[in-house]
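To start, the structure under review is shown below, and the notes come after it.
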Amino acid sequence: MATLTTTAAVLPSIQLKVNYKDCKEIIHDFIKNFKDSTIDIDEELEQLHEGKYMNILQRIANREESTIWIELDDVKKFLMNFDTDSASLLQESQNLFHTIMTNTHRFIEVFSDVIDKIDARTDKGYKLPG
């Protein structure tokens, strides 16, 4: 009786200790409050919100755009200046950029979940379809 053995490459598994609740809170703060310092003055006159991504969400709610692109440079800038009274949020923010980079597929879902909970339609400037 012949024994058949196969060797298959097994990808290593890494365990990241990520507090997704804190991550979502930080990302929510980023989406609501990130201000782009490179906005043109003429463009700024048309802004309804102070935050860059809230303005994009408003345009999506108004059906003027359909996609939101999150710039990793913006996330990095925001996290470098992130300030909070919560020790757990501060600790999570210090590793969040690296965690996003090593687990990008999961964080696309996390950003989507956070954005879905932000209702830009309730803000001023909402235009009803039609």
Applied to residues 92-115, the salt bridge (Lys or Arg N to Asp or Glu O under 4.0 Å) test, sequence neighbours excluded, yields Lys24-Asp113, Arg106-Glu109
Rounded to the nearest 0.5 Å, how far does CG of Asp29 lie from OG1 of Thr84? 8.0 Å
Review item, side-chain donor-acceptor pairs of residues 69-76, under 3.5 Å, at least two apart:
{"from": "Glu71", "atom 1": "OE2", "to": "Lys52", "atom 2": "NZ", "distance (Å)": "2.9"}
{"from": "Asp74", "atom 1": "OD2", "to": "Lys52", "atom 2": "NZ", "distance (Å)": "2.7"}
{"from": "Asp74", "atom 1": "OD2", "to": "Tyr53", "atom 2": "OH", "distance (Å)": "2.5"}

Is there a path of hydrophobic side-chain contacts, each under 4.5 Å between heavy atoms of I, L, V, M, F, W or Y residues, that connects Val18 with Leu90? no
Exercise: identify the closest heavy-atom pair between Cys23 and Leu96: SG-CD1, 3.5 Å
As an exercise, state the distance from CG of Leu89 to NZ of Lys21, rounded to the nearest 0.5 Å. 7.5 Å
Do Leu57 and Ile108 share a hydrophobic cluster (ILVMFWY, side-chain heavy atoms under 4.5 Å, transitive)? no
Identify the heavy atoms of Phe111 and Ile100 that sit nearest to each other, and give their distance. CE1-CD1, 4.0 Å
Would you please test Ser86 and Ser88 for side-chain hydrogen bond (donor to acceptor under 3.5 Å, both in side chains) and show each step? CA-CA 6 Å; Ser86 168; Ser88 68; 3.3 Å; yes
Are the side chains of Ile118 and Met54 in touch, meaning some heavy atoms are under 4.5 Å apart? yes
Would you say that more than 12 heavy atoms from the other residues, nucleotides or ligands in this model lie under 6.0 Å from the CD of Gln94, or not? yes
For a 4.5 angstrom cut-off between non-hydrogen side-chain atoms, does Phe34 reach Lys77? yes
Taken to the nearest 0.5 Å, the spacing of Asn55 CG from Glu65 CD works out to 10.0 Å
To the closest 0.5 Å, what do you measure between NE2 (His98) and CG (Asn103)? 10.0 Å
Write down the atom of Thr67, the atom of Ile56, and the distance for their closest heavy-atom approach. O-CG2, 4.2 Å
Classify the ring geometry of Tyr20 against Phe107: parallel below 30°, tilted from 30° to 60°, perpendicular beyond 60°. tilted
